[in-house]
Amino acid sequence: MKPKQIAPLLLLAVIWGCYYVASQQAVKQMSVFSTGIVIRFLTMLLLFGVMGAKKELGLLLRTKGILGRLLLVGVLGFLLDLTAFIGLTLSPAGSGTALLKCDIIFVNLISMLIYKQRFSKKEWFYSLLMLFGVFLVMGVDFGHLSLGNAGDIFFILSALFVSVNAFVIKSLQTDKKNPAADHVVAFYNNFVTMLLFTAAALVMGTLSQIGKAAGDPGLLTALLCAGLGQFGIYQVYYYDLRRFPVWLVKVFLLFMPVVSMGVSFLLFGEQMGKGQYLGALVVLLGALGILLEQKKT
């Protein structure tokens, strides 16, 4: 792969890693549902502005044959967030966030079964090596990592929803009769997810927390950064999905925890242990291996 091809894949991991840190700071002070509403609302405003400037708003009504999948993308977007949140209430965050990275395994399996993608033994090895490195970066205690409780099941469900959603998005981009523009997919994804977060906040009675952001500069900054991050994810993630296989995009997203750890250290002084530095090195070595394999094809 050429440097110009690698750049947007690495950029996505950086944006998503920063988004994760900003969202984490916001969730510390507000419920996940109220946080989700604000982030998605800010993202919607940015999408409206960009689509208006590019005269793409009319495309939102050209959904013949793809409306069902556009709505499905939003539902899956909400479900992947919801199941991850439920998992966090039932299991330790360390093992849970590691289990979320199992989406690379789901993506590879779906690619093999549905798209007949063939992976070399080395590509499998390097992908699993990167996954192991992510576990080390997150400081997972392998002695206590099990699949025997409900929380772990919800994390795995979230990883599955993430994987399926990526393929649905790609199917919309490559539809033979009515291929959807990236901003159209992003808008429906964001809008449906925002509506579902709003419904959940009403049920949970947390909608009133939104007003808290106006009087808290720190919380407002975190929400604004997360909103910009979510918008950036839509821009770069869909760009990458349109140009690269889903499995390769997911492999590069394994850099995301490394980015998050680095940002948390620089901004909030969160220390990294020897195991985390070792994990970051393992992730980099795994990525190098995959790039060398890709260079052969």
_Heavy-atom side-chain proximity of Y188 to T63 below 4.5 angstrom_ = yes
*Are any of the side-chain heavy atoms of L172 and L70 separated by less than 4.5 Å?*
yes
*Quick one: do F187 and F48 satisfy ring-ring contact (aromatic ring centres under 6.0 Å, His included)? Show the steps, please.*
CA-CA 8 Å; F187 184 88; F48 254 126; 5.3 Å; yes
*Could you check if a side-chain atom of H183 sits within less than 4.5 angstrom of a side-chain atom of L59, using non-hydrogen atoms only?*
no
*asked:* Enumerate the salt bridge (charged side-chain N to carboxylate O under 4.0 Å, His left out) contacts for residues 182-196, please, sequence neighbours excluded, ordered by first and then second residue.
replied: D182-R242
*Check whether any side-chain heavy atom of M204 sits under 4.5 Å from a side-chain heavy atom of S31, and report yes or no.*
no
*Is a donor on one side and an acceptor on the other found under 3.5 Å between the side chain of S171 and the backbone of V168?*
yes
*asked:* Any non-hydrogen side-chain atom of F33 less than 4.5 Å from a side-chain atom of L82?
replied: yes
*asked:* Does atom CZ (F41) have a neighbourhood of more than 12 heavy atoms from anything else shown, all under 6.0 Å?
replied: no
_Please check this pair: side chain of K212 against backbone of Q29, looking for a donor-acceptor N/O pair closer than 3.5 Å._
yes
*Does F167 reach the side chain of V246, with side-chain heavy atoms less than 4.5 Å apart?*
yes
*asked:* Per the salt bridge (charged side-chain N to carboxylate O under 4.0 Å, His left out) rule, what does the pair list look like for residues 42-63, sequence neighbours excluded?
replied: none
*With sequence neighbours left out, write down each residue that passes ring pair (Phe, Tyr, Trp, His ring centres under 6.0 Å) with F231, or none if nothing qualifies.*
none
*Side chains of L224 and L228: does their closest heavy-atom pair fall under 4.5 Å?*
no
*State whether the side chain of K170 and the backbone N or O of F244 hold a donor-acceptor pair below 3.5 Å, judged by distance alone.*
yes
*Report the C-alpha separation of L79 and L196 in whole Å, then their side-chain angles, then the decisive distance to 0.1 Å, and conclude whether the side-chain contact (heavy atoms from CB on, under 4.5 Å) test is met.*
CA-CA 9 Å; L79 288 176; L196 293 174; over 6 Å; no
_Within-4.5 Å side-chain heavy-atom neighbours: I15 and Q235_ = no
_Polar side-chain atom of Q230 near backbone of I39 as donor-acceptor pair, under 3.5 Å_ = no
